[in-house]
Amino acid sequence: MDERTLISTFFDRQRDRRPDRQAGVILGIGDDAAVLRPEPGFDLVLATDSIAEGTHFPPGIPAAAVGHRCLAVNLSDLAAMAAEPAWFSLALSLPEADPDWISKFSRGLFALADRFGVALVGGDTVRGPLGATVTILGRVRPDRAVKRSGARPGDGIWVTGHPGDAVAGRLLLPEVAPGAEVIALRQRFLYPEPRVHEGIALAGLASAMLDVSDGLDDDLRKLLVASGVGAELDAGELPLSDELRSVRGGEAVECALTGGDDYELCFTVAASDEARLRDVSAHWKVAVTRIGTIVAGSEVRWRLHGQPLTIPDSTFRHF
Ligand code: ADP
Ligand code: MG
């Protein structure tokens, strides 16, 4: 299969002519570059994230999960800015042009793209080790992007979903006779759900925000450093899922704090805005949990059952 056929078969959907899929796209796939028309009165928000086999996902996971993942991690970055995603490009590196694999990849990719109304407007396709780089563009009202640097002493620290599930799911991928709990955890790793609507709803409400990709403790520290503050947190308040508790037992807390791959949102909210947060999040499908408080200084103090808790530094680093 040659490159042009591959692109037109699996990635170019302009013939669909579905206006909801092509909003703001003046020129999409097929020319040297895409032409996009941002809405007046909005700021553009851009993020790029790559995933590589062996680094971000183990070999042999379903092609649909790879397609889902390369977009999900980028949607998650935009969500963490409280931005609404609109367009993305895809640079794909494939060891071979296997139509069956690419077809499943593209179905996983577009299933997620369609749920959030984002259009694929260009990319590149090369032979190489399996991996994908997505660049995503979205919009936010001027000065409404939520940065990492806005947390202030007294703000509550919140997290969506159930951190720790994804790492447990990844560790359980080789399990040969998985039960229902193992299957549920694996899904959490294979198909992370970007918190797009939740992130957008937090504009003007969260004082600081980021998404959790490297592990809750490690990512939270990035937010604290950017804001120039410390934190006091209670690991007993962590929203551990029943599946995680049952499968990892005493290690569930460590999974939640250092696991990574969660793609949940971690954010801070001023005490005076807490009631508003509860209102806004009342109809969310995802749990939102207060796990601590921002304090002056730079120290991060986790406690569990009243005792100080030291977190092992197990963060993955590329270099
Ligand atoms: P050029 O050589 O000018 O870069 P290409 O032949 O690489 O053009 O790509 C042709 C068109 O297909 C371009 O519009 C490009 O953005 C698009 N494209 C290439 N690969 C992909 C892909 N994996 N997904 C979406 N669009 C792609
Ligand atoms: Mg090219």
Side-chain angles (χ1 to χ4, degrees), residues 1-39 44-79 83-139 190-194 196 213 263:
M1 176 172 260
D2 67 59
E3 193 184 320
R4 193 184 310 173
T5 319
L6 188 158
I7 295 164
S8 64
T9 310
F10 299 116
F11 297 112
D12 187 356
R13 302 196 306 168
Q14 292 169 103
R15 275 156 305 166
D16 295 1
R17 290 272 169 234
R18 287 203 21 199
D20 56 320
R21 284 186 185 158
Q22 299 290 324
V25 182
I26 306 303
L27 186 61
I29 292 172
D31 215 304
D32 294 309
V35 180
L36 307 169
R37 188 163 296 167
E39 265 183 85
L44 276 179
V45 183
L46 179 148
T48 297
D49 236 338
S50 298
I51 61 168
E53 185 181 57
T55 304
H56 301 93
F57 60 93
I61 68 167
V66 182
H68 176 101
R69 184 173 213 82
C70 69
L71 179 57
V73 301
N74 281 275
L75 287 169
S76 178
D77 277 329
L78 249 59
E84 186 181 336
W87 310 297
F88 70 106
S89 76
L90 168 68
L92 191 56
S93 171
L94 298 168
E96 54 177 340
D98 172 2
D100 182 54
W101 193 94
I102 303 170
S103 153
K104 289 175 175 145
F105 170 94
S106 105
R107 270 183 272 155
L109 177 82
F110 285 123
L112 184 64
D114 291 347
R115 275 207 286 132
F116 291 111
V118 284
L120 177 61
V121 296
D124 200 15
T125 309
V126 299
R127 184 187 294 275
L130 182 59
T133 299
V134 164
T135 298
I136 193 162
L137 280 160
R139 56 174 214 171
L190 290 173
Y191 298 95
E193 180 66 16
V196 176
S213 52
Y263 299 103

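Just so it is clear, the values below take in all heavy atoms, side chains as well, and ignore hydrogens, waters and symmetry mates. Every value quoted in this text rests on a predicted model; they were computed, and no experiment measured them. Remember, it's 1-based here, ligands and their atoms both numbered in the order they're listed.
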- prompt: Under 4.0 Å from ligand 1, counting heavy atoms only, is it the side chain of T125, its backbone, both or neither?
  reply: both
field: Residues, nucleotides or ligands: over 12 heavy atoms within 6.0 Å of R115 CZ
entry: yes
statement: Value for CZ (F88) from CG (N74), rounded to nearest 0.5 Å, stands at 9.0 Å
field: L36 side, atom CG; I26 side, atom CD1 - distance, nearest 0.5 Å
entry: 8.0 Å
query: Which ligand 1 atoms, with their elements, are less than 4.0 angstrom from a heavy-atom of L120?
result: 24 (N), 25 (C)
message: I need the atoms of ligand 1 closer than 4.0 Å to a non-hydrogen atom of D32, numbered in the order shown.
response: 3 (O)
field: D31 neighbourhood, listing ligand 1 atoms whose heavy-atom distance to it stays under 4.0 Å
entry: 13 (C), 14 (O)
- request: Say whether, by atom type as modelled, one donor and one acceptor occur between the side chain of R139 and the main chain of L44 under 3.5 angstrom.
  value: no
Ligand-residue contact atoms, ligand 1 with D124, heavy atoms, under 4.0 Å: 7 (O), 19 (C), 20 (N), 21 (C), 23 (N)
field: Numbering as shown, the atoms of ligand 1 that approach E3 to under 4.0 Å (heavy-atom distance)
entry: 6 (O), 7 (O)
Numbered atoms of ligand 1 (with element) below 4.0 Å of F11, judged on heavy atoms: 23 (N), 24 (N), 25 (C)
task: Could you walk me through whether I102 and F11 pass the side chain to side chain contact (heavy atoms under 4.5 Å, CB included) test, one step at a time?
output: CA-CA 10 Å; I102 303 170; F11 297 112; 4.0 Å; yes
- prompt: For R4, is the nearest heavy atom under 4.0 Å from an atom of ligand 1?
  reply: no
Approximate separation, where rounding is to 0.5 Å, of D12 CG and R4 CZ: 12.0 Å
- request: Would you verify whether the NZ or CZ of R13 falls within 45 degrees of the ring axis of F110 while also being under 6.0 Å from that six-membered ring's centre?
  value: yes
- prompt: Do any nitrogen or oxygen atoms of I29 lie less than 3.5 angstrom from nitrogen or oxygen atoms of ligand 1?
  reply: no
